[in-house]
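Report on the structure given below.
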Amino acid sequence: MRGDDRRAIGLIISLVLINLCGCASTQETSTIQQSVGMLYDRQQNLERRVDSFDAQAKRGGDLYARLEALQVQVGALNGRIEQLEHRIEQMNRAASPPPQPPSQSQTTSESPPMPPPIAVAPPPPPGAVSPAQAPPPPTATAPERENPEKVLFERANQLFQQGKYDLARKEYQNLLAKYPKSEFAEEALFSTGECFFGDKRYQDSIEVYQQVLDRYPKGKKVSGALLKQGSAFQLLGDNTAARILYERLVEKYPGTSQAQAAEKKLKQMP
């Protein structure tokens, strides 16, 4: 109850008391005064209870406001967790591609044809040139003698240097499909991510870099994959994920050129 309301009620009671005292007997006046005193007491008790309820309501309102703020924060955290879980699930699916049937060229390159059976030649007629005297067959050219895995890899590198990222990526993927255990496999997989990055397909590059980290945890491209993965997240606007990757790179691979680049990026981040 407000102070103005209390003063108004007190004034009304006083006026009633004055009017009644002017037209009532002494006994009646005493009775009325006692009743008025009881009313004052009840009024004060009610005022104290109202003040107590007001204070409790104010505290309850503060607690409710804090509870709503906490619920908003929890909801934001849950949304962020769901996004990260979805991203991890995508990375895991991308890290385990379905098996592909061998292509015709793979079958041809990995399964050389059986040599024909050796036939016993009849003796040459008089005056004919014997096989021992015949000229040797032409030898294979240099590209034919060269490692086919290296040929594919160098062809893909040449396309990449020319900025033909889509064609280079297909060559790298062709190499990985034909020769998954090749000595060039790790670098070809990393370069596949670089092709996506060059085409500004940052989400695809993140998934490929994650495959490098999963398949070659002790490989020579791990620090580079962490740096480029952080850069891709930063370009997508996810500074939190980028910061985590940069800090991980600095912690696990200190002194490397990639760690130095990550430290520089951390200093530039807001």
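Only this structure's heavy atoms are used, side chains among them; waters, hydrogens and symmetry mates stay out. Positions are given from 1 along the sequence.
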Measure the spacing between [atom1] of [X] and [atom2] of [Y] and express it to the nearest 0.5 Å.
X      : Y      : atom1 : atom2 : value
Ile206 : Phe233 : CD1   : CZ    : 4.0 Å
Asn174 : Leu152 : CG    : CG    : 5.5 Å
Arg169 : Asp166 : CZ    : CG    : 4.5 Å
Phe153 : Tyr172 : CZ    : OH    : 5.5 Å
Glu207 : Arg201 : CD    : CZ    : 10.0 Å
Tyr246 : Gln268 : OH    : CD    : 9.5 Å

| request: Return the set of residues passing ring pair (Phe, Tyr, Trp, His ring centres under 6.0 Å) with Tyr202 (not counting sequence neighbours), or none when no residue passes. | output: Phe197
| task | Sequence neighbours left out, what passes ring pair (Phe, Tyr, Trp, His ring centres under 6.0 Å) with Tyr216? Give chain and number order. | result | none
Work out which heavy atom in [X] is nearest to a heavy atom in [Y]; give both atom names and the distance.
X      : Y      : value
Leu266 : Val250 : CD1-CG2, 4.4 Å
Ala185 : Pro180 : CB-O, 3.6 Å
Phe160 : Cys195 : CD1-SG, 3.6 Å
Ala156 : Ala168 : O-CB, 3.5 Å
Val222 : Pro217 : CG2-O, 3.6 Å

Spell out, yes or no, whether [X] and [Y] are grouped together once hydrophobic residues are joined by side-chain heavy atoms under 4.5 Å, including indirect joins.
X      : Y      : result
Leu175 : Tyr165 : yes
Ile244 : Leu235 : no
Leu167 : Phe190 : no
Leu176 : Tyr209 : yes

| salt bridge (Lys or Arg N to Asp or Glu O under 4.0 Å): pairs with one or both residues in residues 224-234, sequence neighbours excluded | Glu194-Lys228
| said: Set out, in order, the CA-CA distance, both residues' side-chain angles and the distance that settles side-chain contact (heavy atoms from CB on, under 4.5 Å) for Gln234 and Met269, then state yes or no. | reply: CA-CA 9 Å; Gln234 190 173 5; Met269 292 180 70; 3.8 Å; yes
| Is there side-chain contact between Leu227 and Lys265, with heavy atoms separated by less than 4.5 Å? | yes
| Does any pair with a residue in residues 183-192 pass side-chain hydrogen bond (donor to acceptor under 3.5 Å, both in side chains), and if so which ones, sequence neighbours excluded? | none
| message | I'd like to know whether Asp214 forms a side chain to side chain donor-acceptor pair (under 3.5 Å) with Gln210, so could you lay out the CA-CA distance, the side-chain angles of the two residues, the decisive distance to 0.1 Å, and finally the verdict. | response | CA-CA 6 Å; Asp214 292 339; Gln210 187 61 42; 3.1 Å; yes
Output side-chain donor-acceptor pairs under 3.5 Å for residues 251-264, partner residues at least two apart or in another chain, one line each.
residue : atom : partner : partner atom : Å
Thr256  : OG1  : Tyr253  : O            : 2.8
Thr256  : OG1  : Ala259  : N            : 3.1

| field | With sequence neighbours excluded, residues passing side chain to side chain donor-acceptor pair (under 3.5 Å) with Glu171 | value | none
| query | Does a sphere of radius 6.0 Å around NZ in Lys221 hold more than 12 heavy atoms from other residues, nucleotides or ligands, not counting ones at 6.0 Å or beyond? | reply | yes
